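Predicted model only: the values in this text are computed from it and were never measured.
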Amino acid sequence: VQLQASGGGLVKPGDSLKLTCVASGGTFINYHVGWFRQAPGKEPEFVAGINRVGNTYHPNPMKGRFTISRDRAKTAVYLQMNSANPEDTAVYYCAAQQTTDSEPYVPRRRNEYTYWGKGTLVTVSS
């Protein structure tokens, strides 16, 4: 599956932004999907994930400001970012893992995802 992330851009501190991830020519039925980000000079960081059955996971540093969701048809996965701050500046990637798993666990490590999109740049600056 080919993933395409979009919605990045330049935003001001305090602004909100919604990123979108779609699977070219397909859907996210039977996929776990996650969002990661990589800031300049830093290691990639897990932002949020949603598993095949709809469970979501947001690590503590992201809770409250980032929300992952998907549409009912499972054609897109979204990442809502609120109260943006300059530390959120990064390339945001969506990743997917094909699965038939119905367990509640939400993958959160890079090696748990096989498919990766090219990323969308988010810059938070006044």
We want to know whether Asn30 and Arg52 form a side-chain donor-acceptor pair, criterion being a heavy-atom distance below 3.5 angstrom.
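Arg52 and Asn30 do have a side-chain donor-acceptor pair below 3.5 Å.
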For the residue pair [X] and [Y], establish whether any side-chain heavy-atom pair is separated by less than 4.5 Å.
{"X": "Asp101", "Y": "His32", "answer": "yes"}
{"X": "Leu10", "Y": "Ser125", "answer": "yes"}
{"X": "Leu3", "Y": "Trp116", "answer": "no"}

Hey, could you give me each pair passing ring-ring contact (aromatic ring centres under 6.0 Å, His included) that has a residue in residues 64-113? Not counting sequence neighbours.
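Qualifying pairs: Phe36-Tyr113.
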Which heavy atom of [X] sits nearest to which heavy atom of [Y], and what is that distance?
{"X": "Pro40", "Y": "Thr89", "answer": "CD-O, 4.1 Å"}
{"X": "Ser102", "Y": "Val53", "answer": "CA-CG1, 3.8 Å"}
{"X": "Ser126", "Y": "Pro13", "answer": "N-CD, 3.7 Å"}
{"X": "Val11", "Y": "Ala84", "answer": "CG2-CB, 4.2 Å"}

Check whether more than 12 heavy atoms from other residues, nucleotides or ligands sit under 6.0 Å from atom CD of Gln38, and answer yes or no.
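Buried by this count: over 12 neighbours within 6.0 Å.
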Kindly check if the number of other-residue, nucleotide or ligand heavy atoms within 6.0 Å of CD (Gln4) is above 12?
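Atom CD in Gln4 is not crowded, with 12 or fewer foreign heavy atoms closer than 6.0 Å.
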How long is the straight-line distance from [atom2] of [Y] back to [atom1] of [X], given to the nearest 0.5 Å?
{"X": "Leu79", "Y": "Arg70", "atom1": "CG", "atom2": "CZ", "result": "15.0 Å"}
{"X": "Asn55", "Y": "Ile68", "atom1": "CG", "atom2": "CD1", "result": "11.5 Å"}
{"X": "Ser83", "Y": "Arg65", "atom1": "OG", "atom2": "CZ", "result": "6.5 Å"}
{"X": "Asn82", "Y": "Thr67", "atom1": "CG", "atom2": "OG1", "result": "6.5 Å"}
{"X": "Asn51", "Y": "Arg108", "atom1": "CG", "atom2": "CZ", "result": "10.0 Å"}
{"X": "Leu17", "Y": "Met81", "atom1": "CG", "atom2": "CE", "result": "4.5 Å"}

Going only through I, L, V, M, F, W and Y residues with side-chain contacts under 4.5 Å, is there a path from Val33 to Tyr57?
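No; Tyr57 is not reachable from Val33 via cluster members.
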Single-linkage hydrophobic cluster Val47~Tyr115, side-chain heavy atoms < 4.5 angstrom:
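Val47 and Tyr115: one cluster.
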